[in-house]
Q: 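Take a look at the following structure, please.
Since we're looking at a predicted model, the values are computed, not measured. Residue numbers start from 1 in every chain, and the chains themselves are labelled A, B, ... in the order their sequence lines are given, proteins ahead of strands.
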Amino acid sequence: MTECRVLLFSLLAEAVGKRELVAAVELPCSAGALVDSLAKDSSPIRAYRHVIRVAVNREYVPETHVIRSGDEVAIITPTSGG
Amino acid sequence: MTECRVLLFSLLAEAVGKRELVAAVELPCSAGALVDSLAKDSSPIRAYRHVIRVAVNREYVPETHVIRSGDEVAIITPTSGG
Amino acid sequence: MDLGTDSFVRIQEEPLSVEAAVDFLGRGDPGGVDLFLGITRRMTGHKETVHLEYDAYLEMAVTELNHIVANAAKSWPLERVYVAHRIGTVPVGQISVIVGASAKHRNEAFAASRYLIDTLKSEVPIWKKETYADGSTEWKPELAVHEPTRRSVGK
Amino acid sequence: MDLGTDSFVRIQEEPLSVEAAVDFLGRGDPGGVDLFLGITRRMTGHKETVHLEYDAYLEMAVTELNHIVANAAKSWPLERVYVAHRIGTVPVGQISVIVGASAKHRNEAFAASRYLIDTLKSEVPIWKKETYADGSTEWKPELAVHEPTRRSVGK
């Protein structure tokens, strides 16, 4: 298993109680599979799974995007800036 | 003949050389007839007759509006504020 | 709760203040403020403007601005509406007009602000004259002269 | 003549300055400036907000803002584009965001400004949390929880 650190913000960070999680996935793996894996172990992520977008290296990616070792990964719930 | 003072602004005031004209019309008379009368004696007013709007007592009026003695009358070319 | 819309309308020769506009529009309890500023532009194509001069039918211009502000307040749920127009000479780079609206939500603020400036330009008896770098002047908008009449009837 | 569009993008904890925005947007040679301000609203229905707290994925937020600004500059002929977002605590009545665009003509300034705020809200990883007068807090937007999954799978 490779460790993949995932950044959390706003309501996910608050609900999980930290701003970073480690996903237990084999890299490379798709963005979708990574979120699914996190959702298995975290009820807040599971609760909002349907609205989560993934960012890799600070850009939104489709769920099919392949994450590689060393990528900066974040999961993004709907935004409310402004 | 009643005297009817008419206010001029911007390019009409500049072309006529004053900010007020006296129209030689019998009051009451329609706004349209008043401008036609002014146009007869003033080539700038004639030149812009087709785009002139009339204001009576500081409100735009249709050309059929009847002007009476004591009304404040102005002729307005297309505006360019802003 | 105050259901009315507070408004500010002024025509003045003195420079306009964006701060004053923002200060006015920010009171009440808005979520969004949209503000439009008209600025004297130096270049129009290859023509260089030195300054603008604004003429106005002052009393009617104020009346018309109040109509426009009232229409905006009827058309959208607004907190506050602000309109200030400068007349006289406005040098290049300076502000000739500020219009703005504040509202709970941004849609209304944008729509009202756009309505205010569009209607101001078409309806309010204020006119600008360009003075160009070559010394020539020109009233705006450029108007087509009604040629046949001019040719056929002498002054 | 400079055909490029100058832009300013910043995310900061300090209060935002409308003057700085107007100063930036007024340079170049614009004919019109449109400016949108987001302000912390006290009342939402019967709920009273005390302050907002903004969280951000700072590095990505700046990247996204730069994308949005570049898209605006490609979409319209603009003189200048300005975006500043405050994060951390923003008390009621204070400005959380300023976006604006300057252009030769007002159409472009309005369109770009609207695009900037709409896209900022939907795309940029910044989130607001309301703190209400009764002490409760709420992240925005309110999100529907995916109930069936939550019920069927224990943590």
Q: Short question: side chain of C:K140, backbone of B:S80 - any donor-acceptor pair under 3.5 Å?
A: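 No, the answer is negative, given that no donor and acceptor are paired below the 3.5 Å cut-off.
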Q: What part of C:A56 lies closer than 4.5 angstrom to a heavy atom of chain B: side chain, backbone, both or neither?
A: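 For C:A56, the backbone is the part near chain B, not the side chain.
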Q: Could you tell me whether a side-chain N or O of C:H85 sits under 3.5 Å from a main-chain N or O of B:G81, the two making a donor and an acceptor?
A: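 No, the answer is negative, given that no donor and acceptor are paired below the 3.5 Å cut-off.
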Q: Under 4.5 Å heavy-atom distance to chain B, tell me which part of C:Y54 shows up: side chain, backbone, both or neither.
A: side chain
Q: So which heavy atom on B:T79 is nearest to which on C:E123, and how close?
A: OG1-N, 3.8 Å
Q: For C:D55, does its backbone N or O pair with a side-chain atom of B:S10 as donor and acceptor, under 3.5 Å?
A: no
Q: So which bits of residues 9-41 of chain C come within less than 4.5 Å of chain B, counting non-hydrogen atoms only?
A: none
Q: Give, as side chain, backbone, both or neither, the part of B:E14 having an atom under 4.5 angstrom from any heavy atom of chain C.
A: side chain
Q: Report, as yes or no, whether the 6.0 Å neighbourhood of atom CZ on C:R42 holds more than 12 heavy atoms from other residues, nucleotides or ligands.
A: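 Not more than 12 within 6.0 Å, no.
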Q: How many angstroms lie between atom CH2 of C:W139 and atom OH of B:Y48, to the nearest 0.5 angstrom?
A: 12.0 Å
Q: With chain B, which of C:E53, C:K129, C:E138 has the greatest number of heavy-atom pairs at distances under 4.5 Å?
A: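 Heavy-atom pair counts peak at C:K129.
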Q: Could you tell me if C:W127 and B:T77 have a donor-acceptor pair between their side chains, going purely by distance under 3.5 Å?
A: yes
Q: In terms of heavy-atom proximity below 4.5 Å to chain B, should C:S122 be classed as side chain, backbone, both, or neither?
A: backbone
Q: Just to be sure I understand the criterion: a residue of residues 64-75 of chain B counts if one of its heavy atoms is under 4.5 Å from a heavy atom of chain C. Which ones qualify?
A: B:E72, B:A74
Q: Of the backbone (N, CA, C, O) and the side chain (C-beta and beyond), which part of C:L143 lies under 4.5 Å from a heavy atom of chain B, both, or neither?
A: both
Q: I'd like to know if the side chain of B:H50 reaches the main chain of C:A144, judged simply by a donor and an acceptor atom lying under 3.5 Å from each other, with no hydrogens or angles considered.
A: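 Present.
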Q: Side chain, backbone, both or neither: which part of B:L11 has a non-hydrogen atom closer than 4.5 Å to chain C?
A: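 The answer is both parts of B:L11.
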Q: Does any backbone or side-chain atom of C:E64 lie under 4.5 Å from a heavy atom of chain B? Answer side chain, backbone, both or neither.
A: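 For C:E64, the contact with chain B is made by the side chain alone.
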Q: Could you walk me through whether B:L7 and C:M60 satisfy the side-chain contact (heavy atoms from CB on, under 4.5 Å) test, starting with their C-alpha distance in whole Å, then the side-chain angles of each, then the deciding distance to 0.1 Å, before giving a yes or no?
A: CA-CA 11 Å; B:L7 305 175; C:M60 178 173 169; over 6 Å; no
Q: Provide the closest heavy-atom pair for B:P78 versus C:P141 in the form atom of the first, atom of the second, distance.
A: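 It is O-CD, 3.4 Å.
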Q: Of the non-hydrogen atoms in C:T63 and B:R58, which two are nearest, and what is the gap between them?
A: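 Scanning both residues completely, I find the closest heavy atoms to be CG2-O, 4.0 Å.
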